[in-house]
Amino acid sequence: MSYPSIYISKKSLTNQINVDPYISHDLNGIHIAYDKELSRQILLVQNDTHFLFGHINQLKRTEIKESLQLNPKKVLNEINTNYSNFIQNLHWGFIYIMDLKTLKQTIINDPFGIYPIYKGNKTEDFILSNDFFGLCTLLKNIHFDLKGITDYFLFNYTLQSRTLIKEIDQLRGGSKLTFSENELLIKKAFDVGTILNKSREQEEIPMHELFRNNLLGNLNENLPIELALTGGFDNKVSLSVLLESKKKFKAFTFGNKNNPDQIAAHEVAQLFNIPHEQLPINDEFLHNLDTYVSTFIRNAGNAPVIDSLIYYQMVNQKIQKSNMVLGHMGGELIVGPVLISELVITKNCALILNSTNKNELSASLEKSLKEINLLNFSNLKPEFENYVSNLTEYSNLDNTNKNKALLQFLIQETYSKFFGTVFTNLFGRYNVINPYLDLNFLQKLYASPFSFLKKKSFKKSPVGHFFSRRLYPILIKNIYPKVLKSKMDRGYILSDFLKWYKFYKPVLNYSKRHLFKKKKAVSLTHDLNHLMIRQFSPKWEHSKLRKQGFINEKEIDQILKKHQETKDITKTEEKNLLKLIALNYLLESSDINIVGAK
């Protein structure tokens with residue numbers, strides 16, 4: 001299907017979009033249009049005093065519908081005045097409310113920001129959308145945002161409210177936007193720090209029950225269930241919930257048959273008689289790769305991470321419309337952030353989060369930026385100090401908020417921006433469920449002995465990680481103990497983490513992989529990335545991107561020539577070329593008019 005676009009605008013949308021695929025509502029000078037495919041997922045309520053419109057996760061939608069039947073005024077008042085309580089199980093989405101008496105309008109989004117809400121930043125032409133690409137097509141004469149470009153190359157995604165386009169902002173997670181005829185106000189309505197405060201209400205509910213409720217409560221009973229099954233830890237907790245519930249479900253895994261992830265997942269599927277589908281990179285996918293990349297970038301919108309995540313285009317082609325159970329961010333939130341592939345978290349993220357001195361941070365980030373040879377630093381330098389100052393909200397300059405800042409970065413930047421790429425490529429077709437990202441579950445997690453926030457972040461030693469991973473088998477033991485027999489992609493089984501005296505197995509495995517290193521086999525991701533770069537090379541020769549002042553044209557020519565002749569480019573150069581592919585797609589699109597950068 002096409003992207004499930006939603007638009008909310010002060011201007012009529014009739015002459016701006018092709019209205020055929022949309023359902024429209026015009027009310028007191030506000031125009032709302034949404035894709036007809038979303039009709040069963042949209043929450044739409046109107047009474048004598050309010051108009052409510054929203055696109056939210058199944059659990060929250062069911063709760064609101066039931067509450068509105070009993071006491072609509074109480075529900076609307078809670079949304080407006082008690083946001084922190086209202087969002088407890090708002091896992092993704094947004095809600096728009098119009099007070100029909102005062103014409104005051106309010107928009108709130110989920111506390112993580114995983115559901116994208118973009119805003120044209122001209123107040124007089126107020127327009128909101130969940131569709132970054134679609135919004136770009138509606139705005140005239142737009143510019144690349146140099147700060148957004150800097151974010152993209154330093155961190156793999158844009159930070160705060162920035163996007164790649166100067167005229168478009170992204171609503172940060174946990175925001176409340178209110179506007180009337182002459183005033184628009186955006187404020188931070190959710191403080192991540194509340195997760196670190198123990199809640200008396202949730203104290204009696206065990207962590208495994210919270211997880212189970214999140215998963216089962218978000219299931220759409222009219223859809224089949226598909227579990228993304230790997231050889232890792234995160235999906236095994238979801239697996240245990242589905243098995244214990246006795247619900248029918250299928251599983252799928254990316255990778256070829258000799259991939260460790262695939263082997264472990266296949267054995268687990270056989271152990272529990274689960275229908276299991278392998279999703280290899282086949283000839284059809286490779287033949288149509290350019291089309292898949294274009295669709296992926298168009299749907300991901302702002303600053304997409306193509307590396308590794310392009311696999312999810314296969315899901316849309318191979319997996320039926322369903323409840324899609326994922327486990328994104330489970331590892332980062334339970335074990336903590338690690339710097340290995342520098343894909344989810346980069347070393348520059350760590351620089352910000354560990355910084356205690358603004359001048360040192362500025363010098364370090366400037367050094368990192370100058371090392372990105374594809375960019376022309378002279379174009380980025382004038383605003384650099386101001387840019388760094390804004391980033392210090394995530395630093396520990398006063399030695400008081402390190403844990404809070406780290407958690408905020410993981411939840412409202414990494415999850416919403418990195419895994420947001422996946423969400424926006426799936427949510428039009430699937431009911432996306434991620435049981436880990438729930439405020440009550442996280443609050444319980446960080447009050448437990450397993451909280452990684454009680455340890456030093458970005459440690460390379462595996463010992464602390466082993467201890468945190470004990471949480472997985474403990475959760476599973478309380479849900480469906482038979483899953484403890486599951487084989488993992490590293491060769492050990494889940495129960496090896498249940499008792500400390502069995503730690504020797506994963507420790508020996510870690511030693512074998514890191515102390516007695518063999519030459520690494522070239523990964524499938526590596527081959528796919530190099531094919532995308534090869535397909536980009538002829539486009540680059542005539543690309544309008546060459547004329548952008550922030551681009552180092554000659555350096556890119558040299559890297560692409562080296563790649564063509566030897567394929568011997570660094571992993572960093574490989575990742576940065578993939579980002580150029582995304583920028584080139586936006587610039588070369590006939591529907592978008594990017595006239596420069598500022």
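Atom set for the values below is all heavy atoms of this structure, side chains included, hydrogens, waters and symmetry mates excluded.
In the model, D557 has a side-chain atom that pairs as donor or acceptor with a side-chain atom of W540 under 3.5 Å. Under 3.5 Å, the side chains of E574 and N529 contain a donor-acceptor pair of N or O atoms. For N373 and N552, the side-chain atoms include no donor-acceptor pair closer than 3.5 Å. In this structure, a donor-acceptor pair under 3.5 Å is present between the side chains of E413 and Y394. A side-chain donor from one of Q408 and E393 sits under 3.5 Å from a side-chain acceptor of the other. S389 and K358 share a side-chain donor-acceptor pair at under 3.5 Å. S378 and N376 share a donor-acceptor pair across their side chains, judged by distance under 3.5 Å alone. A donor-acceptor contact closer than 3.5 angstrom links the side chains of Q313 and N425. Side chains of T424 and N299: no donor on one and acceptor on the other come within 3.5 Å. In this model, no donor atom of one side chain and acceptor atom of the other lie less than 3.5 Å apart for Q262 and N258. Y115 and N130 share a donor-acceptor pair across their side chains, judged by distance under 3.5 Å alone. Between T163 and D169, the side chains place no donor N or O within less than 3.5 Å of an acceptor N or O (distance only, hydrogens not considered). Between the side chains of E385 and S362, at least one donor N or O lies within less than 3.5 Å of an accepting N or O. For the residue pair N156/K579, the side-chain donor-acceptor check at 3.5 Å is satisfied.
Note on R298 versus D131: salt bridge recorded, some NZ/NE/NH1/NH2 to OD/OE distance being below 4.0 Å. One finds a salt bridge joining D151 and R162 here, because a Lys/Arg side-chain nitrogen approaches an Asp/Glu carboxylate oxygen to under 4.0 Å. A salt bridge links D307 to K571: at least one charged side-chain nitrogen sits closer than 4.0 Å to a carboxylate oxygen. Salt-bridge check for E383 with K147: passed, with a basic side-chain N closer than 4.0 Å to an acidic carboxylate O. Taking a cutoff of 4.0 Å between a charged side-chain nitrogen and a carboxylate oxygen, E573 and K562 qualify as a salt bridge.
Judged by distance alone, with hydrogens and angles left aside, the side-chain atoms of T150 form a donor-acceptor pair with the main-chain N or O of L146 at under 3.5 Å. Listed for the S129 side chain is no donor-acceptor partner under 3.5 Å among the backbone atoms of L135. Remark: the backbone N or O of K187 is not paired with any side-chain donor or acceptor of K176 at under 3.5 angstrom.
Atom NZ of K567 has 12 or fewer neighbouring heavy atoms from other residues, nucleotides or ligands inside a 6.0 Å radius. D283 CG: 12 or fewer foreign heavy atoms inside a 6.0 Å radius.
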Take K539 and D290, measure what salt bridge (charged side-chain N to carboxylate O under 4.0 Å, His left out) needs, and give me the verdict at the end.
CA-CA 12 Å; K539 296 179 183 179; D290 197 50; 2.8 Å; yes
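The salt bridge (Lys or Arg N to Asp or Glu O under 4.0 Å) search around K561 returns none, not counting sequence neighbours.
Each ring pair (Phe, Tyr, Trp, His ring centres under 6.0 Å) pair with one or both residues in residues 144-172, not counting sequence neighbours, appears once here: F144-F550.
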Output a table of donor-acceptor pairs, distance under 3.5 Å, between side-chain atoms of residues 583-594 and any protein atom two or more places apart or on a different chain; print 'none' if there are none.
| unit_1 | atom_1 | unit_2 | atom_2 | d |
| --- | --- | --- | --- | --- |
| N584 | OD1 | S543 | OG | 2.4 |
| E588 | OE2 | K544 | N | 2.7 |
| S589 | OG | D591 | N | 3.2 |
| N593 | ND2 | N141 | OD1 | 2.7 |

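Taking the six-membered ring for Trp and the full ring otherwise, W92 and F423 have centroids separated by under 6.0 Å. Not less than 6.0 angstrom separates the ring centroid of Y415 from the ring centroid of H91.
Classification of the F252-F254 ring pair by plane angle, with boundaries at 30° and 60°, yields perpendicular.
Using a 4.5 Å cut-off on side-chain heavy atoms (C-beta onward), M532 and L289 make contact.
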